[in-house]
Amino acid sequence: MKSKNPVMRWLYEYGVITLGCALYALCFNWFFQPNNISMGGFTGVAQIVNRFVPVLPIGVMSIVLNIPLFYIGVRKQGVKLLVSSLYAMSMGSLMLDGLAAVHTFQPTDPLLACVYGGVFLGVSMGLMLTVGATTGGTELAARLLKYKFHHISIGRLCLTIDVIVIGLYAMTFRSINNALYGIIAMYISSLAMDTVVYGAVNAKIAYIISGSSEEIARKLLCMDLGITLLEGRGGFSGDRKQVVLCAFKRSQIAAIKAAVTSIDPNAFIIVCEAHEVLGEGFGAYTPDSL
């Protein structure tokens, strides 16, 4: 939310964090905990450490493991990350324990738990990441690794970390089925997270090949769309043609096709998904972009 009012922006960001925490608590208590499906992350690491050193509580161990990550995160992204993430951790823990205290969910089909639990988890983590917050653990580690591995999506980084933890968890507790279900859930979670984080761009790209490219270009410019003219040559005829390249929002696709075909009904239109679009009318690059 791009608001000039700092109070409204603050309310929006913390409202999104609170919603993300609520979804996280719901998916854990409804899908993961009753079916004994591992969620990976630092909680899984803490469970493994607790197995060999029982005197170390899992909750305390999770906090200790997060300390160096928060330190690095603050150095990379400032105090805002620490404040928002501490709020997310606290609110998430309160909601998780509060929901468990008022209602006990019964086990359900493990496969359904994996699918819906993964979707809820990915959406909750993605919502928090879009406003610069995490609950620590896997999401914070993935956010920091993103500085080094720019070409890998945030969801895939989380998936890699979680799969490693779940694998170690399976070897420690000798629970193969639990690990397999957990990997399915984490994969679905990574897809849902990437959809929330990157899908918000909501853009497509069109390549338009026509003998009336100049007229089509003028028409699209009148629709307040940015275009680029590319030089091309027909593979069969060898004729030189201009290819109109246009990035646009999904809601504009029908109007663009109507405008192009009204000029040239035989125009060749190729529409592609745009993973991410930066520039005027779309997103803007920042050093800490996901």
Side-chain angles (χ1 to χ4, degrees), residues 1-32 39 41-43 66 69-70 73-74 76-99 116-147 153-159 162 185-186 188-203 249-251 275-278 281-290:
M1 179 182 183
K2 296 180 180 180
S3 173
K4 295 181 179 180
N5 188 322
V7 176
M8 293 301 296
R9 186 167 59 248
W10 183 88
L11 288 173
Y12 170 79
E13 290 177 355
Y14 279 83
V16 170
I17 294 172
T18 303
L19 175 60
C21 290
L23 290 175
Y24 177 85
L26 180 62
C27 79
F28 180 83
N29 284 289
W30 189 1
F31 300 113
F32 288 94
M39 293 181 70
F42 278 20
T43 302
N66 272 300
L69 283 182
F70 274 115
V74 170
K76 284 281 187 181
Q77 295 187 293
V79 178
K80 180 186 176 182
L81 174 71
L82 177 64
V83 175
S84 59
S85 296
L86 284 176
Y87 173 81
M89 285 180 63
S90 303
M91 184 59 67
S93 297
L94 288 172
M95 288 185 173
L96 194 149
D97 292 340
L99 182 58
Y116 288 99
V119 171
F120 273 61
L121 179 62
V123 171
S124 67
M125 296 296 100
L127 284 172
M128 285 186 273
L129 285 169
T130 57
V131 293
T134 73
T135 55
T138 302
E139 295 75 38
L140 182 53
R143 191 180 184 96
L144 296 176
L145 286 172
K146 185 70 175 173
Y147 285 100
S153 72
I154 192 75
R156 291 303 173 92
L157 287 171
C158 285
L159 175 63
D162 282 330
M186 292 305 104
I188 294 173
S189 170
S190 72
L191 296 180
M193 187 185 303
D194 281 345
T195 299
V196 173
V197 174
Y198 301 112
V201 174
N202 197 30
K249 293 183 171 62
R250 293 176 191 269
S251 59
H275 176 67
E276 188 172 6
V277 180
L278 303 178
F282 293 94
Y285 173 77
T286 58
D288 59 345
S289 293
L290 296 173

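Throughout, numbering of the chain's residues begins at 1 and tracks the sequence.
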Starting at [atom1] of [X], measure out to [atom2] of [Y] and round the result to the nearest 0.5 Å.
X: Met128; Y: Ser85; atom1: CE; atom2: OG; result: 9.0 Å
X: Leu121; Y: Met193; atom1: CG; atom2: CE; result: 6.5 Å
X: Leu191; Y: Arg156; atom1: CG; atom2: CZ; result: 6.5 Å
X: Asp194; Y: Met125; atom1: CG; atom2: CE; result: 14.0 Å
X: Asn5; Y: Trp10; atom1: CG; atom2: CH2; result: 12.5 Å
X: Met95; Y: Leu23; atom1: CE; atom2: CG; result: 9.5 Å

With sequence neighbours left out, the residues meeting ring-ring contact (aromatic ring centres under 6.0 Å, His included) with Tyr87 are Tyr14
For Phe28, which residues count as a ring-ring contact (aromatic ring centres under 6.0 Å, His included) partner, sequence neighbours excluded?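 Phe28 satisfies ring-ring contact (aromatic ring centres under 6.0 Å, His included) with no residue once adjacent residues are dropped.
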Would you name the heavy atoms of [X] and [Y] that are closest together and state the gap between them?
X: Phe32; Y: Ala185; answer: CE2-CB, 3.8 Å
X: Leu127; Y: Val196; answer: N-CG1, 3.7 Å
X: Ser190; Y: Gly155; answer: CB-O, 3.2 Å
X: Gly118; Y: Ile188; answer: C-CG2, 4.0 Å
X: Ala133; Y: Ile17; answer: CB-CD1, 3.6 Å

Thr138: partners by side chain to side chain donor-acceptor pair (under 3.5 Å), with sequence neighbours left out: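 For Thr138 the side chain to side chain donor-acceptor pair (under 3.5 Å) partners, ignoring immediate neighbours, are Asp162.
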- [ ] Taking the side chain as every heavy atom from C-beta outward, state whether Ser84 and Val131 have any atom pair closer than 4.5 Å.
- [x]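 When only atoms from C-beta onward are counted, Val131 and Ser84 do not touch, as no gap falls below 4.5 Å.
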**OP:** Mark yes or no for whether Ser124, through its side chain, and Phe120, through its backbone, hold a donor-acceptor pair below 3.5 Å.
**Re:**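 Yes, the answer is positive, given that a donor and an acceptor are paired below the 3.5 Å cut-off.
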